[in-house]
Participant: 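Quick one: the structure is below, questions incoming.
Values below: every heavy atom of this structure, side chains too, minus hydrogens, waters and symmetry copies.
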Amino acid sequence: MRNILIGVGIALLVLGFGTFAFLKMSLPGGTSGASGDYSFDMAELMKGSTALTLEQGASGLEYDSLIGPEAPARYRRVLGSELDLFKRLGTGDEAAFTARIAAAADSLADLMVNEGVIGNVTLFFRVANLEFGRRHPIGLAERTVDQWVAGHLTAGQRLDMVRRHVELYTDTKRFGDGSYGTGGNSEDDKKIYTAVRATLLADIAAVGARPGLSPEEYAALTARALPGFDAMDIKPGGGRNLTLVTLIPKTYYDMARVLGTTAAVEDTLRAWYARQTHYTPPGFGELADNARKYVSFMKEAGLVGESGCRRIENILNEDFVLFRNSADTALLARTAIESLERLEREAGDTEDREFFAGLYYDMARNKGLDIGWRIDRWMYGPGDPEVNAEYAARMPWDRR
């Protein structure tokens with residue numbers, strides 16, 4: 001069980017989820033709902049996770065054809081020494097911790113031209129901070145590694161990492177095996193991937209050929225490129241498309257980081273990403289029909305008694321009328337959470353809570369109201385403020 005929790009914890013760290021929601025709900029004595037007690041010992045929960053992170057990172061290097069065969073053993077040796085020090089001395093003060101990150105990067109400098117290695121080293125120190133006392137800010141490992149990369153790698157090396165990332169995630173040979181988020185097998189899928197790949201690689205090459213590109217010139221290059229992707233019919237309707245919708249702004253933002261011109265393109269990329277991921281909820285009629293079917297299912301399956309189903313129907317009917325007719329967004333947001341708490345008393349299983357949470361989220365979106373964060377708080381508790389803040393500060397395409 002511990003290894004399952006550690007694995008989930010590491011996955012959440014990689015993905016950047018702010019609340020460790022899955023972990024909280026798996027812990028002994030954990031409860032659901034707004035009033036649940038989510039306190040837990042992070043160090044105890046993460047015990048052994050730094051060693052596991054090290055081994056997973058080293059194992060991944062064994063399959064990387066761009067890295068020599070001796071790399072996994074050296075990776076284990078360098079970070080293994082760091083792990084031994086953590087076990088004996090903890091993470092030390094902030095200056096000592098960042099110095100150790102930089103020293104490890106120096107020892108692996110020839111491997112740190114690989115995005116995967118950079119990510120694994122970052123994750124190793126991030127997890128170590130959590131396991132061995134969490135004395136430092138959550139994002140300290142990332143910032144320290146970013147500073148090392150900026151100070152030690154040339155612009156050409158960093159652009160080469162961007163290029164390899166694009167090549168990896170647009171490799172149509174991986175279609176159908178589930179690798180790296182690629183999913184479809186159709187010829188249309190392959191054509192879209194091939195077209196996106198060609199455009200991104202051409203722009204990476206163009207930036208590499210003009211090292212003195214000004215912020216204005218790079219902003220113009222980015223602005224010219226994005227409409228071309230719109231014409232490729234890239235929509236977030238599946239794993240394939242969501243991969244591309246994330247890859248495209250990430251690529252142009254990563255190039256901007258190399259050039260030191262992120263401010264020139266951030267708003268443009270955010271706006272493009274928001275358009276691509278815009279969500280149109282089902283209308284009230286469809287939502288009401290789905291709700292009736294769900295309540296009927298609960299009754300027929302004997303999951304909720306007849307009187308309980310009547311109370312659920314009354315709550316939903318009242319709220320559908322309110323949401324259809326009211327323009328008071330504060331009232332709608334408050335009513336949604338209050339009703340979810342009332343519904344939980346009638347049908348509190350995880351599946352029921354998730355259905356009703358999605359229902360009220362869509363009802364609110366029909367009124368132009370986003371209550372996602374309120375629902376997350378109701379479902380999982382307030383989470384860790386520092387982790388939440390770090391997650392919120394990321395570019396939207398880096399939050400998945």
Side-chain angles (χ1 to χ4, degrees), residues 16 115 155-156 158-175 179-282 365-366 368 370 372 392-400:
E115 187 178 42
R158 296 170 69 189
L159 282 175
D160 201 45
M161 284 197 294
V162 178
R163 176 186 60 77
R164 288 200 299 267
H165 185 85
V166 169
E167 290 174 341
L168 179 66
Y169 280 84
T170 57
D171 183 0
T172 58
K173 296 185 181 70
R174 298 179 181 275
F175 270 44
S179 298
Y180 307 107
T182 58
N185 292 298
S186 73
E187 287 306 310
D188 284 343
D189 288 346
K190 292 180 180 179
K191 288 177 182 177
I192 292 173
Y193 261 81
T194 300
V196 170
R197 178 189 181 101
T199 301
L200 292 178
L201 293 181
D203 282 347
I204 293 170
V207 170
R210 300 177 62 189
L213 208 61
S214 70
E216 294 76 18
E217 289 171 325
Y218 183 68
L221 181 151
T222 301
R224 285 195 302 270
L226 295 178
F229 297 114
D230 294 335
M232 296 176 193
D233 193 29
I234 297 169
K235 301 293 181 185
R240 159 182 71 85
N241 297 321
L242 191 54
T243 297
L244 294 180
V245 165
T246 301
L247 176 66
I248 290 165
K250 174 177 170 56
T251 299
Y252 286 96
Y253 191 77
D254 286 349
M255 285 194 287
R257 292 179 66 190
V258 174
L259 297 171
T261 60
T262 55
V265 296
E266 183 176 320
D267 289 344
T268 299
L269 293 174
R270 282 182 182 272
W272 185 87
Y273 183 82
R275 288 197 305 274
Q276 297 296 325
T277 56
H278 175 72
Y279 172 63
T280 301
R365 287 301 297 264
N366 270 287
D370 187 348
R394 295 184 181 188
M395 293 297 105
W397 48 84
D398 281 333
R399 295 175 188 166
R400 297 186 179 276

Participant: Looking at T222, T262, I248, which hits side chain to side chain contact (heavy atoms under 4.5 Å, CB included) with Y253?
Facilitator: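 Result: among T222, T262, I248, T262 is the only option passing the side chain to side chain contact (heavy atoms under 4.5 Å, CB included) with Y253.
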Participant: Which of these passes side chain to side chain contact (heavy atoms under 4.5 Å, CB included) with I192: T172, L244, T170?
Facilitator: L244
Participant: Hey, does M232 have a side-chain heavy atom less than 4.5 Å from the side chain of K191?
Facilitator: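 A side-chain contact is absent here, since even the closest heavy-atom pair is not under 4.5 Å.
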Participant: For the pair N366 (side chain) and P282 (backbone), establish whether a donor and an acceptor sit closer than 3.5 Å, ignoring hydrogens and angles.
Facilitator: yes
Participant: Do Y252 and D203 have side-chain atoms, one donor and one acceptor, less than 3.5 Å apart?
Facilitator: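 Y252 vs D203: donor-acceptor pair found between side chains.
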Participant: Is the closest side-chain heavy-atom distance between M255 and V265 below 4.5 Å?
Facilitator: no
Participant: Which heavy atom in A219 sits nearest to a heavy atom in A264, and how many Å separate them?
Facilitator: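 For A219 versus A264, the nearest heavy atoms are CB-O, 3.7 Å.
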Participant: Which one of T251, T243, T246 satisfies the side chain to side chain contact (heavy atoms under 4.5 Å, CB included) criterion with Y169?
Facilitator: T243
Participant: Working to the nearest 0.5 angstrom, can you tell me the gap between H165 NE2 and K250 NZ?
Facilitator: 5.0 Å
Participant: Assess whether a salt bridge exists between R270 and D267, defined as any Lys/Arg side-chain N lying under 4.0 Å from an Asp/Glu carboxylate O.
Facilitator: no
Participant: Strictly distance-based, threshold 3.5 Å: is any side-chain N or O of R197 a donor or acceptor partner for the main-chain N or O of E167?
Facilitator: yes
Participant: Is there a donor-acceptor contact under 3.5 Å from the side chain of E266 to the main chain of A263?
Facilitator: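 Checked: no pair found.
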Participant: If you measure from CG on L159 to CG on D254, what distance do you get to the nearest 0.5 Å?
Facilitator: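 If we round to the nearest 0.5 Å, L159:CG and D254:CG are 10.0 Å apart.
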Participant: Do L226 and L269 have side chains that get closer than 4.5 Å, going by heavy atoms?
Facilitator: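 The answer is yes, as the side chains (C-beta and beyond) meet within the 4.5 Å cut-off.
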Participant: Is there side-chain contact between E115 and R164, with heavy atoms separated by less than 4.5 Å?
Facilitator: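 No, side chains not in contact.
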Participant: Can you check whether R257's main-chain N or O pairs, donor with acceptor, with T261's side chain at less than 3.5 Å?
Facilitator: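 Answer holds: no.
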Participant: Please evaluate residues D230 and Q276 with respect to the criterion side chain to side chain contact (heavy atoms under 4.5 Å, CB included), reporting the C-alpha separation (whole Å), side-chain torsions for both, the decisive distance (0.1 Å), and the verdict.
Facilitator: CA-CA 9 Å; D230 294 335; Q276 297 296 325; 2.7 Å; yes
Participant: Anything under 30° is parallel, anything over 60° is perpendicular, the rest tilted; go ahead and classify F229 against W272.
Facilitator: perpendicular
